[in-house]
Amino acid sequence: MQAIRVRNLQKHYKERKTKNVIKAVHNISFDIQKGEIIGLLGPNGAGKTTTIKMICGLINPDGGDIQILGKDALDKRAKTNQYISAVLEGNRNLYWRLTVQENMEYFAGNRGIKRKDIQEEIEKLLKRFELIDKRNELVHSLSRGMQQKLAIAVALLAKTEIILLDEPTLGLDVEISYEVRKLIREIAEKENRTVIISSHDMPVIEDLCERVIIVNKGEIITDDRVENLLELFETEFYTVEIAKVLTHEQQEQLQKIFPHSVYEEQEQGASIQIHLTDSEQIYVLFDILKLDQTPIIRLRHEDTPFERVFLNLVQGGDEYVATV
């Protein structure tokens with residue numbers, strides 16, 4: 001069954017000064033099946049956040065259709081909103097002048113759940129997110145990480161069939177970040193709930209999501225499984241550590257031939273991160289280093305990171321074209 005069905009979604013804005021029309025979202029269409037964990041990605045200004053807010057009913061589209069679990073979300077918004085919980089822009093779905101406990105009871109009450117019927121679930125989530133000792137503290141006095149944990153706990157409390165998480169691991173330490181990932185995976189697999197994740201943390205996307213929808217300039221540029229995209233962009237990715245910094249001429253040659261390489265000077269020497277579509281290109285790099293007899297300290301082959309896949313798709317650079 002389809003959890004979300006979006007067809008030809010559009011949203012336009014007018015700039016205040018110039019009155020020019022900006023196409024924030026232009027004819028976006030996609031389907032999300034029940035129980036899927038989907039990554040909805042895009043650079044700032046790509047239309048991703050606008051799309052998320054239209055799905056949640058926070059803003060109205062200028063055109064197109066949205067269905068939530070088979071129901072028209074534009075015609076029956078109050079009904080379909082009962083199926084969605086969201087953590088938008090970190091911790092902004094919390095009341096800072098209420099305590100941790102009061103926030104959870106308040107948002108449960110907004111969904112028609114009586115206080116006495118939700119206490120057991122509140123206890124479980126407070127323990128799971130290590131917030132028991134903070135239950136009576138005002139939200140504005142909590143650390144950024146604790147506020148983020150509470151925002152996620154509030155979203156999970158209603159046990160909705162669709163959960164939308166915007167930057168779910170933002171501000172969390174490594175241990176809690178892994179715990180949140182584990183919990184997200186469990187609710188999708190064991191409870192057949194649909195999870196949509198928007199994040200700039202590419203390891204989180206690669207770890208959790210089966211499929212990603214990438215939006216840029218208001219349009220979908222790809223909708224595919226993560227494993228397929230990694231295979232499509234499989235390259236020879238290297239980190240090269242060198243004993244001294246590159247000359248100006250060497251840096252120019254590096255940028256000209258490998259425009260997406262990353263060159264960083266260090267206290268002793270420098271490092272070059274480079275990805276190749278053809279393994280023979282490594283000898284071109286060696287020729288650049290030979291211009292000043294630059295010694296190589298270490299040459300390390302890396303796995304292709306999903307972050308590189310994302311950048312290639314968004315930037316549409318020369319190496320992306322060559323790969324395709």
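This is a predicted model, so every value here is computed, not measured.
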- request: Might you work through the salt bridge (Lys or Arg N to Asp or Glu O under 4.0 Å) test for Glu15 and Lys17, ending with a clear yes or no?
  value: CA-CA 6 Å; Glu15 290 184 327; Lys17 293 183 179 180; over 6 Å; no
message: side chain to side chain donor-acceptor pair (under 3.5 Å), that's the test. Do Asn27 and Gln10 meet it? Break it down for me.
response: CA-CA 5 Å; Asn27 288 332; Gln10 299 183 49; 3.0 Å; yes
- request: Decide yes or no on side chain to side chain donor-acceptor pair (under 3.5 Å) for Glu249 and Gln253, but give the supporting numbers first.
  value: CA-CA 6 Å; Glu249 180 186 2; Gln253 288 291 317; 5.5 Å; no
task: Decide side-chain contact (heavy atoms from CB on, under 4.5 Å) for Thr222 and Ile214; before the verdict, give the C-alpha distance in whole Å, the side-chain angles of both, and the deciding distance to 0.1 Å.
output: CA-CA 5 Å; Thr222 192; Ile214 301 179; 3.6 Å; yes
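Between Ile37 and Ile197 the shortest heavy-atom distance is CG2-CD1, 3.9 Å. Scanning all heavy atoms of the two residues, the minimum distance from Val87 to Ala151 falls at CG2-O, 3.4 Å. Among all heavy-atom pairs drawn from His26 and His12, the shortest one is ND1-NE2, 4.4 Å. Nearest heavy-atom pair, Leu126 versus Met104, reported as atom, atom and distance to 0.1 Å: CD2-SD, 3.7 Å. When all heavy atoms of Thr194 and Gly35 are compared, the pair lying nearest together is OG1-N, 3.0 Å. The shortest heavy-atom contact between Arg5 and Asp31 is CG-OD1, 3.2 Å.
Counting heavy atoms from C-beta on, the side chains of Leu40 and Ile52 come closer than 4.5 Å. The side-chain heavy atoms of Ser271 and Ile242, taken from C-beta on, include no pair separated by under 4.5 Å. Residues Ile4 and Gln67 fail the side-chain proximity criterion, which asks for heavy atoms closer than 4.5 Å. Residues Leu88 and Leu164 are in side-chain contact: their nearest non-hydrogen atoms beyond the backbone lie under 4.5 Å apart. Ile163 is not listed as a side-chain neighbour of Ile196, based on a closest heavy-atom distance of 4.5 Å or more. Side-chain atoms of Ser198 and Leu41, non-hydrogen and from C-beta on, never get closer than 4.5 Å to each other. Residues Lys124 and Arg128 are not in side-chain contact: their nearest non-hydrogen atoms beyond the backbone lie 4.5 Å or more apart. Between Val195 and Ile38, the closest side-chain pair of non-hydrogen atoms is not below 4.5 Å.
Looking at Gln101 and Gln119, their side chains do bring a donor and an acceptor atom within 3.5 Å of each other. Gln250 and Thr294 form a side-chain donor-acceptor contact under 3.5 Å, judged by distance and modelled atom types alone. For the residue pair Gln255 / Gln251, no side-chain donor-acceptor distance below 3.5 Å is found, with atom types taken as modelled. Side-chain contact, Glu167 with Ser199: a donor N or O sits under 3.5 Å from an acceptor N or O.
Classification of Arg135 and Glu123 as a salt-bridged pair holds, one side-chain N sitting under 4.0 Å from a carboxylate O. Residues Lys217 and Glu219 are not paired through a salt bridge, judged by the lack of any N-O separation under 4.0 Å between the basic side chain and the carboxylate. With salt bridges taken as basic N to acidic carboxylate O contacts below 4.0 Å, none links Lys127 and Glu120. By the 4.0 Å N-to-carboxylate-O rule, Lys11 lies close enough to Asp62 to be salt-bridged with it. Between Asp207 and Lys182, no side-chain nitrogen of the basic residue sits less than 4.0 Å from a carboxylate oxygen of the acidic one, so the salt-bridge criterion is not met. Between Glu105 and Arg115, at least one side-chain nitrogen of the basic residue sits less than 4.0 Å from a carboxylate oxygen of the acidic one, meeting the salt-bridge criterion. Salt-bridge annotation for Glu36 and Arg211: present, with a side-chain N of the basic residue lying under 4.0 Å from a carboxylate O of the acidic one.
When each of Leu157, Ile152, Leu156, Leu150 is tested with Val154 by the rule side chain to side chain contact (heavy atoms under 4.5 Å, CB included), just one qualifies, namely Leu150.
Counting heavy atoms of neighbouring residues, nucleotides and ligands inside a 6.0 Å radius, atom NZ of Lys244 exceeds 12 of them. Shown here is Glu191, whose CD atom has more than 12 heavy atoms of other residues, nucleotides or ligands within 6.0 Å. The local environment of CG in Asp133 is sparse, with at most 12 non-hydrogen atoms from other residues, nucleotides or ligands closer than 6.0 Å.
Classified by interplanar angle (parallel below 30°, tilted 30° to 60°, perpendicular above 60°), the ring pair Tyr106/Tyr95 is perpendicular.
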